[in-house]
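Pasting in a structure now, in structure tokens, and then I'll have a few things to ask.
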Amino acid sequence: MVLRLLEVWRAARGERAYPSLAQFDETTLPELWPFCFALDVTTKPANPVVVRVGRSIASYCGESIVGKLVSEIDSNCLPAQALAYIEEVLRKKVPISRGGAFQDARGVTVLYRSIVLPTSEDGETVAALIGAANCREVAGT
Amino acid sequence: MSICMKAFEIHTFQGGKWKIDSIFDDRDLALFEAQRMDGSGRHAGIRVIEEEFDELTQKTKIRTIYRGTKVEQSNAQALEKSREVREQVAQQRVQQQQEKVRQREEAVKAEQARKSNPIRLIGLFGLIALFGIAAVVALRFLHELI
């Protein structure tokens with residue numbers, strides 16, 4: 001999933017440094033879209049707003065996180081883990097993929113893999129981030 | 001106990017310099033993606049850099065763990081060219097030394113030939129004789145004065 005999104009991102013940017021967020025939707029990412037999320041970094045780069053969360057990834061949060069600031073998201077859910085390194089993405093301005101394990105609100109250990117990629121409206125200034133994450137629960141925890 | 005954090009950066013060669021393309025925390029994923037990118041043939045060069053940050057010492061170790069085929073080919077070509085240049089330089093040096101030896105030998109021969117020249121000897125005798133005659137004339141002149 002991580003590499004597929006990276007491949008689509010590369011194809012979408014073409015000769016530019018970054019693609020536009022508008023280039024990603026259900027038609028360009030039919031299988032990945034439920035696992036994708038997007039953040040607007042124009043108003044508060046240090047604490048961006050969640051503008052989109054896919055169905056599958058949203059199911060790992062107790063409540064809807066659309067419209068929330070990153071700092072307001074419960075740290076025990078998958079989106080929070082996937083958003084933990086957005087500061088590094090904004091600093092280095094390149095796609096970053098991380099994985100790991102965390103315990104969700106029920107105390108179940110969850111293994112995850114995520115990726116966050118920069119996007120831009122003018123092809124140069126990073127205005128939004130798009131990302132994806134998937135996970136699986138470790139049996140018996 | 002020191003804690004080491006590893007990151008794997010895929011670099012692409014663009015416009016005469018290396019740029020970070022993407023960053024992974026998983027070695028296998030980074031290598032897989034780098035190989036895939038290398039296979040696409042769209043990049044002039046691909047490499048994967050492993051960055052290991054030691055929190056205790058606050059030091060980062062960096063090493064290249066993958067070089068794309070184009071980089072390898074380019075390195076091999078550069079190595080071959082460097083070998084050829086080294087051989088040419090060595091050959092030129094030998095030729096220069098041989099030329100110097102030849103010039104030195106010619107100079108020695110010329111000097112020997114110059115020293116054993118009969119005209120030079122005749123000239124020398126002539127000069128001595130001239131001095132002798134001059135001495136005799138001077139003595140006679142002095143004798144007449146006295």
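All chains are named by letter (A, B, ...) in the order of the sequence lines, taking the proteins before the strands, and each is independently numbered beginning at 1.
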- Query: So what's closer than 4.5 Å to chain A heavy atoms on F8(B): side chain, backbone, both or neither?
  - Reply: neither
- Task: Report yes or no: do D21(B) and T12(B) form a side-chain donor-acceptor pair below 3.5 Å?
- Result: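 Short answer, no.
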- Among R98(A), K93(A), R10(A), E88(A), residue most engaged with chain B (heavy-atom pairs, under 4.5 Å):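 Greatest number of close heavy-atom pairs with chain B: R10(A).
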- Evaluate side-chain hydrogen bond (donor to acceptor under 3.5 Å, both in side chains) for R36(B) paired with S40(B), printing each intermediate quantity in order. CA-CA 6 Å; R36(B) 198 187 61 77; S40(B) 75; over 6 Å; no
- Query: Atom NZ of K92(A) and atom CD1 of I20(B): how far apart are they, to the nearest 0.5 Å?
  - Reply: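 If we round to the nearest 0.5 Å, K92(A):NZ and I20(B):CD1 are 6.0 Å apart.
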- Message: Using a strict threshold of under 4.0 Å (side-chain N to carboxylate O), is an ion pair present between K109(B) and E106(B)?
- Response: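 Looking at E106(B) and K109(B), the cut-off is not met.
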- Task: Flag the one option from V89(A), V2(A), L6(A) with the top tally of heavy-atom pairs under 4.5 Å to chain B.
- Result: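 Going by pairs under 4.5 Å, I would pick L6(A).
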